[in-house]
There are 2 protein chains.
Amino acid sequence: MEVINTIKTASDQVFVDIRQAIVEGDIAQGSKISEAELAKCHGVSRATLREALNRLESCHLVERKANIGCRVVALTPDKLLEVYQVRTALEGLACRLAAENMTHNEISEVKALLNQHLSTQKVKQGESYYQEEGDLDFHYRIITGSKNSHLIHLLCNELYQLIRMFRVQMGMNGPRVSKAFDEHLAIINAIESKDGELAELLMKRHIGASGENIKSRFNLETVPA
Amino acid sequence: MEVINTIKTASDQVFVDIRQAIVEGDIAQGSKISEAELAKCHGVSRATLREALNRLESCHLVERKANIGCRVVALTPDKLLEVYQVRTALEGLACRLAAENMTHNEISEVKALLNQHLSTQKVKQGESYYQEEGDLDFHYRIITGSKNSHLIHLLCNELYQLIRMFRVQMGMNGPRVSKAFDEHLAIINAIESKDGELAELLMKRHIGASGENIKSRFNLETVPA
DNA sequence: AATCATTAAAGTGTCGACAATAAGTCGATT
DNA sequence: AATCGACTTATTGTCGACACTTTAATGATT
């Protein structure tokens, strides 16, 4: 389900490793990154590490300032809202384009995927990891189905990991699982009917619901008893 | 009107210089970039130049492949369409958010800006450069008015120069000038009325018209007599 | 003559060291 | 005692050289 990203160089490997460490929370949000330290830690030179840092900056996982250094992005509620607004607009577009451009075959595959999710969900009730992967997989297929390579790159390479970081570190799972399945089904049906307008609307609503879900969780955490 | 981008390091300067050369067409579309050559040409080391190339890749002006090299992006009709689809979605969102978040003062400034454009346009009929700058300035203000920093960064830092490249190298100007002014006026009025939905619709239509305009130009050029 | 293997050339990826900038420490001055 | 300034330290920016990969040119084989 990962975007095909063949690792050819040392900086590729370091980039992927650090990216995962940030997404999984092994490197804390907002923490400063020491080039020398991380380079030694990963067994590469600073030049190689800096190459990796540049790419991390491209996916908005770190922020650099000249002569000052590099910090892991901090997931404030504001930033969360901002990212979800952008994501909603872009995936809404992707969904509309998918209704125009997905082949019959691709649509069938997504429907098969959903059925597979359903059975997996029944077996592993409560265990949300698969569902989360499945959700991302569903979204990934719709996005690539848009056939807009610029949009695909933007979502899959530049925004995807940031969203994953949100979800992983906030432990998104739980009550939305079954609801999400129904929403996915409605979306792929709209796409199959070539109803781009409806597909876009449903996708926006679907993502908006996730956003609201996370937001409410934020409020619960920031206002404890 | 440029995004505040203080040049602090040598790679900053090289980045800005090469970016302009690409946007203005001094470096041809699709041409390969030799690191050694460009580095010598700009009087810096390859490491510094590579830093600049990384940033150029972030704004989608060049494409890199491991062990192969770096090429200036080629503006095919397909790519043009893709970028305009993304731009429409994002600036539409920006416009809706601007209707929610722009202050009365900011709105007044934009209106003053438009009046200034009108007079400039009357004086310099036919000369489209100012109008083009003005158009970008207008869009820039709406975008920043959204107050969504992620969206602002995406549009102003990662997409803006690519759009500028389109316009500069295809010599966009001409018959849409006066029409664009009216559309700008309608947009800012919708924003002033806090009608985000309408503002978004108008902006999408406005950008869509530009897109169609460029597309038809493409068709004229690709199918000569 | 065409194809494939070998080899030379050019270009990118990586490294360690040096230079420049920012942050922290200490002492002098008011 | 507090503030400012010079100095020290730590970190980032930049450089030139080397290693590796790709590409092409060359020559051997069928």
Side-chain angles (χ1 to χ4, degrees), chain A residues 3-22 27-74 153 157, chain B residues 3-22 26-74 157:
Chain A
V3 176
I4 307 97
N5 201 357
T6 314
I7 286 137
K8 289 197 168 183
T9 70
S11 62
D12 287 341
Q13 185 64 58
V14 175
F15 164 64
V16 171
D17 289 347
I18 299 179
R19 186 181 65 181
Q20 175 163 347
I22 291 177
I27 304 178
Q29 296 177 25
S31 63
K32 187 171 185 310
I33 286 181
S34 163
E35 294 184 0
E37 183 186 341
L38 254 191
K40 195 173 70 176
C41 172
H42 287 264
V44 295
S45 75
R46 270 185 58 226
T48 301
L49 182 104
R50 280 166 66 86
E51 182 81 25
L53 289 184
N54 277 320
R55 299 194 211 169
L56 289 169
E57 189 182 19
S58 292
C59 26
H60 312 281
L61 291 176
V62 305
E63 290 170 352
R64 302 185 87 178
K65 288 183 182 175
N67 283 313
I68 292 184
C70 197
R71 283 192 174 281
V72 178
V73 70
H153 183 267
N157 291 110
Chain B
V3 176
I4 307 99
N5 198 358
T6 314
I7 286 137
K8 289 195 168 182
T9 70
S11 62
D12 287 342
Q13 185 64 59
V14 174
F15 165 64
V16 171
D17 289 347
I18 299 180
R19 186 181 66 181
Q20 176 163 347
I22 290 177
D26 296 336
I27 303 179
Q29 296 177 27
S31 63
K32 188 171 187 310
I33 287 181
S34 163
E35 294 184 0
E37 183 186 342
L38 254 190
K40 196 173 71 176
C41 172
H42 286 263
V44 295
S45 77
R46 270 185 57 223
T48 302
L49 181 102
R50 281 166 65 86
E51 181 83 24
L53 289 185
N54 277 321
R55 298 194 213 169
L56 289 170
E57 190 181 18
S58 292
C59 12
H60 311 282
L61 290 177
V62 305
E63 290 169 354
R64 301 185 88 179
K65 288 183 181 175
N67 283 313
I68 291 186
C70 195
R71 283 193 173 280
V72 177
V73 71
N157 289 108

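Lettering of chains follows the sequences in order, A, B, ..., and the numbering in each one begins at 1. Note that the structure is a prediction, hence the values are computed from the model and not measured.
In terms of phosphate contacts, A/Thr9 brings no side-chain nitrogen or oxygen within less than 4.0 Å of OP1 or OP2 of C/dT12. For D/dA10, the OP1/OP2 oxygens have no side-chain nitrogen or oxygen of A/Ser34 closer than 4.0 Å. For the pair B/Arg50 and C/dG13, the criterion of a side-chain N or O lying under 4.0 Å from OP1 or OP2 is met. Proximity of B/Lys32 to the phosphate of C/dT12: a side-chain N or O atom is located under 4.0 Å from OP1 or OP2. For C/dG13, one of the phosphate oxygens OP1 or OP2 lies less than 4.0 angstrom from a side-chain nitrogen or oxygen of B/Arg64. Taking side-chain N and O atoms only, B/Ser11 has no distance below 4.0 Å to OP1 or OP2 of D/dG13.
When the C1' atom of C/dG13 is taken as reference, atom CZ of A/Arg55 falls 11 Å away, rounded to whole Å. Here D/dT14 presents its C1' atom at 19 Å from CZ of B/Phe15, a figure rounded to the nearest Å. Between the CG atom of B/Leu38 and the C1' atom of C/dG11 there is a distance of 13 Å, rounded to whole Å. A/Asn54 places its CG atom 12 Å from the P atom of D/dT14, with the value rounded to the nearest Å. Separating the CD atom of A/Glu35 from the P atom of C/dA22 is a distance of 15 Å, rounded to the nearest angstrom. If you measure from atom CZ of B/Arg71 to atom P of C/dT12, you get 11 Å, rounded to the nearest angstrom. Rounded to whole angstrom, the span from the NZ atom of B/Lys40 across to the C1' atom of D/dT14 amounts to 19 Å. One atom, CD of B/Glu57, and another, P of C/dG13, lie 10 Å apart when rounded to the nearest Å.
Summarising the geometry, atom NZ belonging to A/Lys40 is positioned 8.0 Å from atom CD belonging to A/Glu37; distances are rounded to the nearest 0.5 Å. How far CG of B/Leu49 is from CG of B/Asn54: 10.0 Å, rounded to the nearest 0.5 Å.
Among the nucleotides C/dC15, C/dG13, D/dG13, the one closest to any side-chain atom of A/Ala66 is D/dG13. Side chain of B/Arg46, nearest nucleotide from C/dT12, D/dC15, C/dA22: C/dT12.
Checked for salt-bridge contact, A/Arg55 and B/Glu57 miss the test: no charged N lies under 4.0 Å from a carboxylate O.
Although no hydrogens or angles enter the test, the distance criterion places no donor-acceptor pair under 3.5 Å between the side chain of A/Arg46 and the main chain of A/Ala36. With hydrogens and angles disregarded, no donor-acceptor distance shorter than 3.5 Å links the side chain of A/Asp17 to the backbone of A/Val14.
For the pair A/Thr48 and B/Lys8, nearest-nucleotide mapping onto DNA chain C gives the more 5' position to A/Thr48. Ranked by how close their nearest DNA chain C nucleotide is to the 5' end, A/Asn67 and A/Glu51 are led by A/Glu51.
Residue contacts shown for B/Ala10 are limited to sugar-phosphate atoms, with no base heavy atom under 4.0 Å away. Contacts of A/Ile33 with the nucleic acid, taken as non-hydrogen atoms under 4.0 Å apart, involve only primed sugar atoms and P, OP1 or OP2.
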